[in-house]
Amino acid sequence: MLTRRLAMAAGLAMPAAARAQASPLRIIVPAPPGGSTDILARALGERAAAALGQPVAIDNRAGGGGVVGAEAAAKAAPDGNTLVLGHNQTHASNQAMMPRLPYQVIDSFTPVARLATVPHALVVAPDSPDATLAALIARGRGGATLTYASSQAGSASHILGETLVRRAHLKAQHAPYRGAGAAADDTAAGYVDFYVATYPSVAPLVREGKLRILAIGTPERLAEIPEVPTAAEAGAPYLAVDAWFGLFAPAGTAPGRVERIAQAVLAALAEPPMQARLTAAGFTPAPLGPAPFAGFQRQEVARWAELVALTGVTLDG
């Protein structure tokens with residue numbers, strides 16, 4: 001179901017002529033509510049509305065490994081009033097997994113701003129028999145057929161889960177879900193053995209004791225969970241792959257409009273309250289403007305293509 005929420009701010013403070021020209025800015029979220037992409041979009045939408053003096057609509061369009069939402073954005077009018085909050089799947093790895101992708105991850109969009117990165121965490125149920133990642137690997141090598149969840153087929157959680165299976169030589173089966181929330185809930189219930197998730201999407205359940213982290217893909221241990229080893233410490237450095245998030249406009253959007261949105265977004269990201277909010281949710285603010293973000297994206301397209309080639313993951317699951 002299509003979910004729309006309007007964040008109205010600052011419009012009444014503008015002159016009447018300016019208000020008349022302020023059409024809603026739609027931010028398409030190519031994922032269901034509850035995951036990292038949605039969390040970030042809603043936090044940003046509140047500030048973007050105020051910074052731009054324009055109402056903001058968050059438009060969740062899940063499906064097809066992010067293809068549904070990204071395609072809708074690619075085909076939208078390049079009038080500066082539609083953006084997509086893309087990420088490493090919609091705007092990098094999908095191209096390697098889907099030869100007939102209905103958009104081009106680079107040519108169909110204009111990069112506006114990179115927003116943030118987040119680490120991945122390998123989580124298990126609190127009563128899992130595996131106290132450490134080494135124990136999980138030993139069980140998977142010892143004859144047990146493990147199951148691992150993903151937020152959806154072809155997602156980063158799928159690719160990284162399969163990376164662990166291939167690199168550690170495990171016997172395991174993939175269990176794709178429709179969204180990060182469902183994958184986390186079933187992992188917490190013990191229906192699957194493990195789940196490689198973005199940290200913000202599972203942090204609330206970890207705090208509540210409903211999930212346990214065996215490794216997190218950060219360079220150093222996190223202050224809020226100092227007992228959890230990094231992926232490198234746990235013997236799986238290949239899980240230290242960040243997810244990233246950024247705003248894209250349809251190709252052909254006027255450069256002046258792109259720059260104005262970018263400046264407003266980057267200013268919002270520089271605000272201490274916004275940084276604190278994102279950090280508390282597990283994000284690392286990582287702002288980049290249009291040109292450097294475009295260069296970063298090209299590097300990531302190549303990086304995720306290598307991971308897809310290693311794992312053989314496709315959008316068909």
Side-chain angles (χ1 to χ4, degrees), residues 65 88-89 93 96-97 118-180 182-199 201-203 205-206 209-222 225-243 303-317:
N88 45 274
Q89 181 178 358
S93 63
M97 293 185 291
V118 297
H120 286 89
L122 190 148
V123 296
V124 298
D127 58 353
S128 167
D130 305 309
T132 64
L133 180 56
L136 176 74
I137 290 174
R139 191 158 63 92
R141 287 176 175 172
T145 299
L146 305 178
T147 53
Y148 70 93
S150 76
S151 59
Q152 56 189 347
S155 63
S157 59
H158 182 189
I159 294 171
L160 293 179
E162 188 62 25
T163 296
L164 175 64
V165 171
R166 299 291 181 97
R167 291 288 184 88
H169 307 291
L170 307 180
K171 187 176 181 181
Q173 294 181 341
H174 174 222
Y177 284 82
R178 293 185 177 181
D185 288 344
D186 269 16
T187 305
Y191 295 133
V192 294
D193 291 294
F194 69 93
Y195 172 34
V196 181
T198 55
Y199 179 59
S201 70
V202 295
L205 292 178
V206 171
K210 297 178 180 178
L211 282 174
R212 185 158 47 86
I213 303 180
L214 299 187
I216 189 160
T218 50
E220 299 178 354
R221 295 192 182 198
L222 295 182
I225 45 173
E227 73 283 0
V228 176
T230 66
E233 289 174 328
Y238 40 81
L239 296 182
V241 177
D242 285 345
R303 179 187 194 186
W304 284 93
E306 292 178 359
L307 288 172
V308 169
L310 169 69
T311 60
V313 168
T314 71
L315 282 173
D316 295 327

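When reading the values below, keep in mind they use all heavy atoms of this one structure, side chains included, and skip hydrogens, waters and symmetry mates. Numbering of residues begins at 1 and proceeds along the displayed sequence.
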Discussion item. For Gly312, is there any backbone N or O sitting under 3.5 Å from a side-chain donor or acceptor partner on Glu162?
Written reply: no
Heavy-atom distance under 4.5 Å between the side chains of [X] and [Y], does that happen here?
{"X": "Val241", "Y": "Arg303", "answer": "yes"}
{"X": "Asn88", "Y": "Asp242", "answer": "no"}
{"X": "Leu205", "Y": "Asp185", "answer": "yes"}
{"X": "Ser150", "Y": "His174", "answer": "yes"}
{"X": "Lys171", "Y": "Leu146", "answer": "no"}
{"X": "Val228", "Y": "Leu222", "answer": "no"}
{"X": "Asp193", "Y": "Val124", "answer": "no"}
{"X": "Ile159", "Y": "Trp304", "answer": "yes"}

Testing the basics here: between [X] and [Y], what is the closest heavy-atom pair and its distance to 0.1 Å?
{"X": "Gln89", "Y": "Ser155", "result": "OE1-CA, 3.2 Å"}
{"X": "Val313", "Y": "Val308", "result": "O-CG1, 3.6 Å"}
{"X": "Ala234", "Y": "Leu214", "result": "CB-O, 4.4 Å"}
{"X": "Ser201", "Y": "Ala180", "result": "CB-CB, 4.1 Å"}
{"X": "Thr314", "Y": "His158", "result": "O-CE1, 4.3 Å"}

Worksheet item: What do the steps show when you test Thr145 against Gln173 for side-chain contact (heavy atoms from CB on, under 4.5 Å), and what is the final call?
Response: CA-CA 7 Å; Thr145 299; Gln173 294 181 341; 4.0 Å; yes
Might you confirm whether atom [atom1] of [X] has over 12 heavy atoms from other residues, nucleotides or ligands at distances under 6.0 Å?
{"X": "Glu233", "atom1": "CD", "value": "yes"}
{"X": "Arg178", "atom1": "CZ", "value": "no"}
{"X": "Glu220", "atom1": "CD", "value": "no"}

Discussion item. Please enumerate all residues that pass side chain to side chain donor-acceptor pair (under 3.5 Å) together with Asp130, with sequence neighbours excluded.
Written reply: Arg139
Discussion item. According to side chain to side chain donor-acceptor pair (under 3.5 Å), who are the partners of Thr187, at least two apart in sequence or on a separate chain?
Written reply: none
Worksheet item: Parallel, tilted or perpendicular for Tyr148 and Phe194, by the 30°/60° rule?
Response: parallel
Practice prompt. Not counting sequence neighbours, which residues clear side-chain contact (heavy atoms from CB on, under 4.5 Å) with Leu310? List them please.
Written response: Thr163, Arg167
Discussion item. Name the residue from Val123, Ile225, Val118 that meets the side-chain contact (heavy atoms from CB on, under 4.5 Å) definition with Tyr199.
Written reply: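 So the option named by the test is Ile225.
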Worksheet item: About how many Å separate CE of Met97 and OG1 of Thr311, when rounded to the nearest 0.5 Å?
Response: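 The OG1 atom of Thr311 sits 8.5 Å away from the CE atom of Met97.
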